[in-house]
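Heads up, the thing below is written out as structure tokens.
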Amino acid sequence: MPPDRTSGHPQSPFGAWPSPISTADVVRYGLRPGYPTAHSGQIWWEEDRPTEGGRRTLVHHAAGGARRELLSPPWDARTRVHEYGGRSYAVAPGVGVVFAGHADQRLYLVRDDGSGPAREPVAITPEPDAPAALRYADLTVHGDEVWCVQERHAGGGKVVRSIVSIPLRDGGEPRQRVAGSDFYASPSISPDGEHLAYICWDHPRMPWTGTELRVTRLADGASRQIMGGAAESVLAPRWKDASTLYALSDRSGWWNLYQIGDGAPRPLYPAEEEFAWAPAELGGAPYAVLADGRLAVLHGRPDLRLGVLDPRTGVLTDLDLPYDGWVPCLSADGATVCGVAYGARVPRSVVRVDTATGLAESVRSDTGALPDPAYLPSCRPVEIRGRSGRRVHAYVYPPANPTVSVGEAAPPYVVFVHAGPASHATSALDLRKAFFTSRGIGIIDVNHGGSTGYGRAYRDRLRGHWGVIDVEDTIAAAEWLLSDGHADPARIAVRGVGAGGWTTMAACCSSGLFCGGVAIAGVSSLGPLASSTHDFESRYAEWLVGPADPLLYASREPLARSGQIDCPMLLLQGQDDPVVPPAQSEAFVAALNERGVPCVYLAFEGEGHEFRRAETKSAALAAELSFYQRLFRL
């Protein structure tokens with residue numbers, strides 16, 4: 001929607017409005033509490049520390065309300081399995097917490113009885129032959145063992161994964177339980193301890209394109225497939241009892257919840273909604289089993305709301321809560337469920353909900369103090385008609401500042417493109433967006449074809465069409481901005497991270513609508529990427545574009561088409577990025593420099609695919625604002 005033009009405040013140039021939101025405020029907002037575990041009235045979760053080198057700590061919230069960190073600097077609880085990681089820890093009731101140490105990727109045990117300071121972590125897995133050669137993720141504790149996915153880097157680029165169990169004692173040797181597939185996720189032990197349920201898949205599939213749900217009898221290793229295949233994504237198995245499982249499947253076209261026992265899998269609540277997000281990280285939990293047998297579930301598109309589903313009757317009752325969405329990481333404790341919730345003007349928070357009363361308690365928010373809400377942008381979902389009448393989803397954030405009158409001029413806008421082709425944007429509060437909108441720069445956050453949250457058919461639009469559908473939908477978002485005076489047609493930019501960086505560069509190759517672009521860790525060339533990126537996504541281009549073909553790849557990739565770009569570009573890159581190596585950005589910068597196209601390149605030492613350090617986040621945000629101000633001639 002166009003900005004309010006009725007204010008009596010003095011006019012000020014777009015992009016230069018006085019704002020109380022600083023880069024330091026945005027960085028302080030980066031605590032990102034996540035992956036909570038609830039047990040016996042206590043809660044544990046992960047939490048980032050941008051001002052401490054970007055490390056991740058573990059936090060314990062006692063039943064009485066006291067909160068304390070379990071890990072002091074320099075301990076960093078992060079797993080590098082699949083390079084994207086995920087949940088890095090598991091609670092061992094009455095013993096302590098097991099976590100993956102980022103430096104060496106070994107598993108450590110913090111003994112903690114909750115009555116005093118936690119002890120110094122002690123390694124429980126052997127030291128690998130090479131640094132981080134053995135990695136662990138998707139941890140769950142059963143009895144006196146930790147069950148998890150193990151990733152072995154054997155040298156020469158070979159990566160082997162399996163599911164292992166590890167004794168909860170010093171120096172325990174991992175015992176291999178399941179092996180043979182390229183990838184594993186979600187190990188779950190049956191209540192009687194006799195069976196292991198898990199998800200597996202092989203190259204070139206991704207977990208959101210095709211997986212298998214398998215069950216292995218632990219006594220003899222006999223295994224059988226329960227659900228899934230090349231065209232079905234099955235996620236998150238959990239045992240109901242010793243003979244019955246729950247799992248999510250998109251066999252209907254939507255990730256819905258199923259009960260699996262004797263006979264065919266039974267859908268518990270068929271709906272054209274998603275009950276999960278694409279599992280780029282390991283260890284998520286999109287539903288949880290309550291003590292009375294009901295299920296706490298998340299469902300919607302793409303923001304997920306919290307409800308309680310009775311598997312006996314199929315009745316789903318949503319809880320009336322002051323949040324717009326939830327992250328798929330639920331944990332049940334009796335009749336209580338704990339998760340991470342957010343709103344368009346509510347910070348990401350660890351929230352505990354009593355399902356009996358519907359009362360919710362926020363036990364930790366991403367930031368202690370927000371700016372005056374008048375400086376926060378409104379968030380409006382829109383549906384755009386793209387090429388050939390395709391539906392394209394997006395969120396619009398108009399400029400907002402209570403001290404400024406904008407007059408009759410249309411504001412500049414930036415089209416945001418999310419990271420990961422199968423990820424999606426949500427309505428969650430993001431102070432980075434408010435940093436720009438409070439200064440007079442509008443944002444439209446596009447969920448192009450291929451994004452999750454809108455069913456399988458929507459995300460399958462991108463199959464074989466990366467560099468086409470995503471680009472056309474991004475251009476459609478820019479064209480929509482020109483309708484009804486939403487944006488100044490001469491001042492529309494585009495920006496994206498990772499896969500969004502690819503789309504940003506390709507959009508600037510394909511359309512003259514954009515006066516500039518910002519690509520952060522952007523993919524510029526497919527051949528070199530496939531040979532140098534991490535194993536998890538090393539075959540992803542086959543699904544996104546097709547088998548390696550020089551002519552096909554050259555028709556899509558921004559580097560081969562860089563001669564079509566005439567607008568200024570800003571490229572930001574982590575020098576230690578294992579997902580999109582710096583050579584991708586460097587080659588694109590060199591191609592633009594050769595043609596004299598204005599291009600600024602900033603590389604940050606010690607940063608990976610995601611910027612974690614406070615100083616890096618602050619510098620990157622300041623550079624982006626400066627770029628827009630010059631680009632929009634402010």
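Source: prediction; values computed, not measured.
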Working for side-chain hydrogen bond (donor to acceptor under 3.5 Å, both in side chains), residues His153 and Asp535: CA-CA 10 Å; His153 292 249; Asp535 182 64; over 6 Å; no
Side-chain donor or acceptor of Asp576 paired with backbone N/O of Gly608 under 3.5 Å: no
Side-chain (Arg556) to main-chain (Val468) donor-acceptor, under 3.5 angstrom: no
Proximity of Phe14 and Phe632 rings by center, below 6.0 Å: no
For the student: nearest non-hydrogen atoms of Arg491 and Cys515, plus distance: CA-SG, 4.0 Å
Arg463, CZ: over 12 other non-hydrogen atoms inside 6.0 angstrom: no
Plane angle bin for Trp466 and Trp502 - parallel if under 30°, tilted between 30 and 60°, otherwise perpendicular: parallel
Side-chain donor/acceptor of Arg439 to backbone N/O of Ile21, under 3.5 Å: yes
Plane angle bin for Phe536 and His82 - parallel if under 30°, tilted between 30 and 60°, otherwise perpendicular: parallel
Considering all heavy atoms, the nearest Ala521-Gln573 contact: CA-OE1, 3.4 Å
Arg539, CZ atom: more than 12 neighbouring heavy atoms under 6.0 Å: yes
CZ (Arg387) with more than 12 external heavy atoms under 6.0 Å: no
Main-chain N/O of Pro582 paired with Asp577 side-chain donor or acceptor, under 3.5 Å: no
Pair Asp76 + Arg49: basic N to acidic O under 4.0 Å: no
Heavy-atom side-chain proximity of Ser451 to His418 below 4.5 angstrom: yes
Polar side-chain atom of Asp372 near backbone of Tyr375 as donor-acceptor pair, under 3.5 Å: no
Cation-aromatic face contact Arg432/Phe436, 6.0 Å, 45 degrees: no
Closest non-hydrogen atom pair between Trp277 and Pro328, with its separation: CE3-CD, 3.4 Å
Side chains of Arg380 and Pro398 in contact at under 4.5 Å (non-hydrogen atoms): no
Under 3.5 Å: donor-acceptor pair, side chain of Gln629, backbone of Gly15: yes
Side chain Asp138, main chain Gly283, donor-acceptor under 3.5 Å: yes
Lys/Arg-Asp/Glu bridge criterion (N-O < 4.0 Å) met for Arg459, Glu274: yes
From Arg87, Gln105, His102, Arg56, residue fulfilling side chain to side chain contact (heavy atoms under 4.5 Å, CB included) relative to Thr79: Gln105
side-chain hydrogen bond (donor to acceptor under 3.5 Å, both in side chains) between Tyr342 and Asp303, worked out: CA-CA 10 Å; Tyr342 61 80; Asp303 289 315; 2.5 Å; yes
Minimum heavy-atom distance Leu570-Glu624, with the two atoms named: CD2-CA, 3.8 Å
Spacing of CG belonging to Asp488 relative to CG belonging to Leu482, to within rounding of 0.5 Å: 9.0 Å
Arg391/Arg385 under side-chain contact (heavy atoms from CB on, under 4.5 Å): CA gap, chis, key distance, verdict: CA-CA 5 Å; Arg391 293 178 298 114; Arg385 290 296 171 183; 3.1 Å; yes
Tyr454/His424 under ring-ring contact (aromatic ring centres under 6.0 Å, His included): CA gap, chis, key distance, verdict: CA-CA 10 Å; Tyr454 305 95; His424 64 264; 7.4 Å; no
Full working for side-chain contact (heavy atoms from CB on, under 4.5 Å) between Ser525 and Phe588: CA-CA 9 Å; Ser525 183; Phe588 195 74; over 6 Å; no
Steps toward side-chain contact (heavy atoms from CB on, under 4.5 Å) verdict (Val327, Arg348): CA-CA 9 Å; Val327 179; Arg348 179 177 171 130; 4.1 Å; yes
Aromatic centroids of His534 and Tyr84 separated by under 6.0 Å: yes
Pairwise side-chain contact, Val159 with Glu151, heavy-atom cut-off 4.5 Å (strictly under): yes
Side chain to side chain, Glu472 and Ile475, heavy atoms closer than 4.5 Å: no
Heavy-atom side-chain proximity of Cys508 to Val494 below 4.5 angstrom: yes
Distance, nearest 0.5 Å, that separates OG of Ser538 from CG of Leu529: 9.5 Å
Check: Thr452 side chain, Ala422 main-chain N or O, donor-acceptor pair, under 3.5 Å: yes
Nearest heavy atoms of Leu571 and Ser585, plus distance in Å: CD2-O, 3.8 Å
Close side-chain approach of His393 and Tyr458, heavy atoms under 4.5 Å: yes
Heavy-atom neighbours of Glu383 CD exceed 12 at 6.0 Å: yes
His486 ring center near Tyr413 ring center (under 6.0 Å): no
side-chain contact (heavy atoms from CB on, under 4.5 Å) evaluation trace for Arg630 with Val600: CA-CA 12 Å; Arg630 294 195 304 274; Val600 176; 4.2 Å; yes
Check: Thr209 main-chain N/O paired with Arg456 side-chain donor or acceptor under 3.5 Å: yes
Contact check, side chains of Val26 and Lys617, non-hydrogen atoms, under 4.5 Å: no
Straight-line distance of Glu46 CD to Thr57 OG1, nearest 0.5 Å: 9.5 Å
Within-4.5 Å side-chain heavy-atom neighbours: Val392 and Asp473: yes
Ser562 (side chain) donor-acceptor with Leu559 (main chain) under 3.5 angstrom: yes
Straight-line distance of Asn401 CG to Leu376 CG, nearest 0.5 Å: 11.0 Å
